[in-house]
Amino acid sequence: MPAVRTAVMPVAGLGTRFLPVTKAVPKEMLPIGDRPCIEYVVAEAVAAGIERIVFVSSRGKDALVDYFDRSPALEAHLREAGKVDLLAEVLRVAKMAEVVSVRQGEALGLGHAVLTAAPAVGNEPFAVLLGDDVVDAQVPAIGQLIAAGAASGAEAVVALMEVPRADTRRYGVCAGTFEQPGRMRVRAMVEKPEPEVAPSNFAIVGRYVLPARIFEVLRHTPRGRGGEIQLTDAIAVLAAEGAVIGEVFAGQRFDTGDLLGLLRASLHFSAKRPELRAGVDAMVQELLRGDIGR
Ligand code: UTP
């Protein structure tokens with residue numbers, strides 16, 4: 001597999017689970033502490049050696065692209081005020097990666113969003129990271145997938161997470177056989193199966209490594225569940241050829257597309273910061289005593 005240099009991040013969804021705030025703020029810009037969710041995802045990609053980020057964006061999502069852009073007026077203000085630490089922080093974000101954005105005119109599904117990125121990706125393998133799956137891991141999750149693809153020779157890699165069987169209806173679930181611990185040769189994928197009919201309890205998390213030929217498959221993928229062009233339907237075509245593996249990645253995953261998931265991520269990352277830890281612990285005690293949240 002040639003080097004994976006580009007990551008596609010689809011951020012054009014409507015974010016209905018976070019309405020009304022997502023009327024005006026993209027859900028990927030909701031904060032975990034003092035950083036938007038998407039920064040954690042971009043940081044993961046950069047740490048895995050990705051050089052270019054392609055945001056698949058839509059109307060009303062300019063804040064997201066602006067966030068990774070330079071901000072000359074703000075930088076000048078911070079420089080004149082001698083706020084060097086804040087200036088460094090603002091510049092750090094703007095220099096994280098080369099950012100390109102393409103527009104998905106209509107939210108026709110994740111598969112359609114990835115297809116929209118085709119001209120910006122070109123004819124090489126690429127990564128896809130979903131902005132509402134935040135993973136805290138020692139080795140970046142997408143890097144684990146890239147390494148698994150290189151080691152196995154598989155054309156496509158999806159991230160897998162073991163979930164309680166009762167939860168399969170919330171995920172895309174893989175069928176296949178483990179060819180080594182933690183690595184499944186995927187035969188088929190089922191979107192949101194009921195627990196009784198789910199082929200396994202290994203769910204797909206929002207990280208993928210895909211070959212450029214997925215674009216051709218997507219062009220011929222009919223609208224599936226919910227009238228949307230589903231990425232899993234296209235990957236399933238490759239899976240039927242034996243070209244897909246599922247890698248159970250090491251790391252903690254947070255579903256920040258969900259209100260409690262976002263809160264959990266905020267607690268996790270805040271508790272890891274030495275300057276915030278005592279405050280977080282005190283707050284949890286207050287909650288348990290019933291002093292807050294009554
Ligand atoms: P989701 O279904 O989780 O996102 O899609 P959503 O539709 O924005 O959120 P809810 O369910 O209404 O709250 C997974 C990812 O795919 C992107 C979303 O932005 C999200 O990151 N997506 C989805 C697109 O870019 N375009 C689409 O047409 C659909």
Side-chain angles (χ1 to χ4, degrees), residues 6-32 36-45 53-65 67-68 99-121 126-135 141-142 158-159 161 163 167-173 189 191-192 203-208 210 214-215 218-219 221-235 253-265:
T6 303
V8 173
M9 299 191 185
V11 293
L14 300 174
T16 53
R17 279 171 292 170
F18 271 113
L19 281 171
V21 67
T22 43
K23 272 181 80 183
V25 181
K27 74 171 170 185
E28 296 80 4
M29 287 302 290
L30 294 177
I32 296 175
C37 292
I38 194 71
E39 188 185 322
Y40 290 84
V41 181
V42 169
E44 176 190 327
I53 310 289
V54 180
F55 284 124
V56 181
S57 165
S58 59
R59 188 172 294 277
K61 303 261 179 171
D62 292 346
L64 214 142
V65 181
Y67 183 73
F68 293 98
V99 169
V100 175
S101 91
V102 296
R103 285 241 182 170
Q104 185 190 21
E106 268 185 286
L108 295 179
L110 180 57
H112 181 260
V114 170
L115 181 56
T116 306
V121 172
F126 62 102
V128 175
L129 294 90
L130 301 191
D132 48 10
D133 273 324
V134 171
V135 181
I142 196 65
V158 298
M161 178 178 75
V163 299
D167 291 350
T168 56
R169 61 171 70 91
R170 293 173 45 205
Y171 299 97
V173 168
M189 298 150 98
E191 240 347 286
K192 304 189 168 66
I204 303 169
V205 173
R207 300 287 183 274
Y208 312 80
L210 300 171
I214 196 80
F215 296 128
L218 279 166
R219 280 187 196 103
T221 302
R223 291 186 186 205
R225 205 186 166 91
E228 297 190 334
I229 297 174
Q230 300 285 352
L231 183 61
T232 41
D233 287 348
I235 300 175
R253 176 255 186 183
F254 298 88
D255 176 8
T256 56
D258 168 90
L259 197 44
L260 279 177
L262 183 65
L263 184 58
R264 188 163 169 266

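Counting starts at 1 for both ligands and their atoms, following the listed order.
Atom 21 (O) of ligand 1 has its nearest heavy-atom neighbour, among Pro10, Gly15, Ala107, in Pro10. The residue from Gly257, Gly13, Gly226 that puts a heavy atom closest to atom 22 (N) of ligand 1 is Gly13.
Within the 3.5 Å criterion, the main-chain N or O of Gly15 finds a donor-acceptor partner in the side chain of Thr22. With hydrogens and angles ignored, the 3.5 Å screen pairs a side-chain donor or acceptor of Thr256 with a backbone N or O of Asp132. One N or O on the side chain of Asp133 and one on the backbone of Gly206 form a donor-acceptor pair closer than 3.5 Å.
Using a 4.0 Å cut-off to heavy atoms of Asp132, the atoms of ligand 1 that qualify are 3 (O). Residue-ligand proximity, Leu108 to ligand 1, at heavy-atom distances under 4.0 Å covers atoms 28 (O). The contact set between ligand 1 and Glu28, taken as ligand atoms under 4.0 Å from a residue heavy atom, comprises 19 (O), 21 (O). Within ligand 1, counting atoms from 1 as listed, the ones closer than 4.0 Å to a heavy atom of Gly109 are 26 (N), 27 (C), 28 (O), 29 (C). Which parts of ligand 1 touch Gln104 is read off a 4.0 Å heavy-atom cut-off, strictly below it: atoms 24 (C), 25 (O), 26 (N), 27 (C), 28 (O). Distances below 4.0 Å separate heavy atoms of Ala113 from the following atoms of ligand 1: 24 (C), 25 (O), 26 (N).
Protein non-hydrogen atoms do not reach within 4.0 Å of atom 2 (O) of ligand 1.
Of the polar atoms of Gly131, none of the N or O atoms is found under 3.5 Å from an N or O of ligand 1, judged by distance alone.
Contacts with ligand 1 closer than 4.0 Å are made by no heavy atom of Glu228, backbone or side chain. At a heavy-atom distance under 4.0 Å, only backbone atoms of Val11 (N, CA, C or O) approach ligand 1.
The nearest heavy-atom contact from the protein to atom 5 (O) of ligand 1 is Lys27 NZ, 4.8 Å. Atom 12 (O) of ligand 1 has its closest protein heavy atom at Thr16 OG1, 2.5 Å. Nearest protein neighbour of atom 14 (C) of ligand 1, counting heavy atoms only, is Leu130 CD1, 4.1 Å. Scanning the protein heavy atoms around atom 25 (O) of ligand 1, the nearest turns out to be Ala12 N, 2.9 Å. Here the heavy atom of the protein found nearest to atom 13 (O) of ligand 1 is Arg17 N, 2.8 Å. Nearest non-hydrogen protein atom to atom 16 (O) of ligand 1 is Leu110 CD1, 3.5 Å. Regarding atom 7 (O) of ligand 1, its nearest protein heavy-atom neighbour is Leu14 N, 3.8 Å.
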Evaluate ring-ring contact (aromatic ring centres under 6.0 Å, His included) for Phe55 paired with Phe68, printing each intermediate quantity in order.
CA-CA 11 Å; Phe55 284 124; Phe68 293 98; 5.6 Å; yes
Is there a salt bridge (charged side-chain N to carboxylate O under 4.0 Å, His left out) between Asp255 and Lys27? Walk through the geometry before answering.
CA-CA 12 Å; Asp255 176 8; Lys27 74 171 170 185; over 6 Å; no
Show your reasoning for whether side-chain contact (heavy atoms from CB on, under 4.5 Å) applies to Arg17 and Leu259.
CA-CA 8 Å; Arg17 279 171 292 170; Leu259 197 44; over 6 Å; no
Give the intermediate values and the outcome of side-chain contact (heavy atoms from CB on, under 4.5 Å) for residues Tyr171 and Ile204.
CA-CA 7 Å; Tyr171 299 97; Ile204 303 169; over 6 Å; no
List the steps, then state whether side-chain contact (heavy atoms from CB on, under 4.5 Å) holds for Ile214 with Ile235.
CA-CA 7 Å; Ile214 196 80; Ile235 300 175; 4.2 Å; yes
Given Phe18 and Val25, is the side-chain contact (heavy atoms from CB on, under 4.5 Å) satisfied, shown in steps?
CA-CA 10 Å; Phe18 271 113; Val25 181; over 6 Å; no
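Taking each heavy atom of Leu110 and Pro10 in turn, the nearest pair found is CD1-CG, 3.6 Å.
Using modelled atom types, one finds a donor on one side chain and an acceptor on the other under 3.5 Å when comparing Glu191 with Thr232.
Looking at Arg253 and Asp258, no side-chain N of the basic residue comes within less than 4.0 Å of a carboxylate O on the acidic one, giving no salt bridge.
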